[in-house]
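Heads up: the structure comes next, in structure tokens.
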Amino acid sequence: MRPFLSDNPMWEMWGMRPLALAVYGGADLGEGRSTVERVGDDGSDDDWYREWSDTARRIRDVADAARDAGHRRSAHEAFLRAAAYFQTAYSPLYGAPVDLRLVEAFDAASESLAAAATLADHPVEA
């Protein structure tokens, strides 16, 4: 069977992880596919990080704009997607010494998730 996102087995595996959240609004199929396409099958870990971080920042900007406009549900969903994409960005960066980009993306994911929590329809506790 042909892979869904990429012929690169690592990109296929890591790219499918956030898409599993799509049924809960935590990812979007089109955003994920287009991000993996920009990485390309022969892309590097740096390409992966750059493209997923770019997608995450773009969606976080959408979330900020929705929140500022008073669109709580749209903002909540976009913050959840941004968090998942930041988490996906740092997947290939694990190792020693710690890559500072991993820390940056982890912090951005945590901030996006916290922002989503403030907009949830039910109480969310850390």
Side-chain angles (χ1 to χ4, degrees):
M1 176 166 41
R2 178 161 170 29
F4 183 68
L5 296 172
S6 175
D7 288 329
N8 180 317
M10 204 61 97
W11 298 162
E12 178 73 8
M13 179 189 67
W14 281 332
M16 291 302 288
R17 289 179 67 196
L19 296 186
L21 302 173
V23 296
Y24 304 106
D28 178 83
L29 180 62
E31 291 166 356
R33 285 194 77 157
S34 66
T35 302
V36 174
E37 285 175 5
R38 290 192 313 273
V39 173
D41 291 339
D42 296 324
S44 68
D45 293 352
D46 293 332
D47 296 328
W48 181 266
Y49 175 80
R50 182 190 64 247
E51 295 303 332
W52 279 99
S53 293
D54 286 352
T55 297
R57 282 190 293 273
R58 182 175 53 82
I59 299 305
R60 186 182 56 199
D61 290 347
V62 167
D64 286 334
R67 180 184 54 200
D68 293 347
H71 303 292
R72 290 177 58 92
R73 182 169 302 273
S74 295
H76 176 258
E77 291 173 1
F79 278 124
L80 288 177
R81 294 192 332 266
Y85 301 158
F86 279 121
Q87 290 170 341
T88 302
Y90 64 70
S91 295
L93 302 180
Y94 279 100
V98 174
D99 188 316
L100 293 179
R101 296 174 299 171
L102 186 152
V103 176
E104 178 184 297
F106 177 87
D107 289 345
S110 297
E111 291 165 6
S112 295
L113 194 55
T118 67
L119 299 167
D121 291 334
H122 55 283
V124 176
E125 293 182 21

Excluding sequence neighbours, so at least two apart, what forms side-chain contact (heavy atoms from CB on, under 4.5 Å) with A84? P18, L21
Extract all donor-acceptor atom pairs below 3.5 Å that involve side chains of residues 110-118 and protein atoms in other chains or at least two apart in sequence.
| residue | atom | partner | partner atom | Å |
| --- | --- | --- | --- | --- |
| S110 | OG | F106 | O | 3.0 |
| S112 | OG | A108 | O | 3.0 |
| T118 | OG1 | A115 | O | 2.7 |

Determine all donor-acceptor pairs shorter than 3.5 Å in which one atom belongs to a side chain in residues 59-72; sequence neighbours excluded.
| residue | atom | partner | partner atom | Å |
| --- | --- | --- | --- | --- |
| D64 | OD1 | R67 | NH2 | 3.0 |

Using residues 90-101 as the side-chain source, report each donor-acceptor pair under 3.5 Å to any protein atom, sequence neighbours left out, with the distance given to one decimal.
| residue | atom | partner | partner atom | Å |
| --- | --- | --- | --- | --- |
| S91 | OG | T88 | O | 3.2 |
| D99 | OD1 | R101 | N | 2.8 |
| D99 | OD1 | R101 | NE | 3.1 |
| D99 | OD2 | R101 | NE | 3.3 |
| D99 | OD2 | R101 | NH2 | 2.7 |
| R101 | NH1 | D46 | OD1 | 2.8 |
| R101 | NH2 | D46 | OD1 | 3.1 |

Those residues at least two apart in sequence (or on a different chain) that pass side-chain contact (heavy atoms from CB on, under 4.5 Å) with Y24 are none
Test item: W48 side-chain N/O and V39 main-chain N/O as donor-acceptor pair under 3.5 Å: no
In short, F4 meets M16 closest at the heavy-atom pair CD2-SD, 3.9 Å
Closest non-hydrogen atoms of V36 and S6, given as atom of the first, atom of the second and distance, are CG1-CB, 3.8 Å
Residues in side-chain contact (heavy atoms from CB on, under 4.5 Å) contact with R38, at least two apart in sequence or another chain: S34, T35, E51, T55
Could you pull out all residues at least two apart from D7 that satisfy salt bridge (charged side-chain N to carboxylate O under 4.0 Å, His left out)? R2
Least distance between heavy atoms, A105 atom then Y49 atom: CB-CE1, 4.0 Å
Any residue meeting salt bridge (charged side-chain N to carboxylate O under 4.0 Å, His left out) with D54, in chain and number order, not counting sequence neighbours: R57
Going hydrophobic residue to hydrophobic residue with side-chain gaps under 4.5 angstrom, can you get from L80 over to L29? no
Can you list the residues that meet the salt bridge (charged side-chain N to carboxylate O under 4.0 Å, His left out) rule with R17, with sequence neighbours excluded? none
Who passes side-chain contact (heavy atoms from CB on, under 4.5 Å) against M10, sequence neighbours left out? N8, M13, W14
Identify, with sequence neighbours excluded, every residue that meets side-chain hydrogen bond (donor to acceptor under 3.5 Å, both in side chains) alongside S53. none
Nearest non-hydrogen partners of D45 and W11, listed with the distance: OD1-CH2, 3.5 Å
Can you pull the salt bridge (Lys or Arg N to Asp or Glu O under 4.0 Å) pairs that have at least one residue in residues 76-97, sequence neighbours excluded? E31-R81
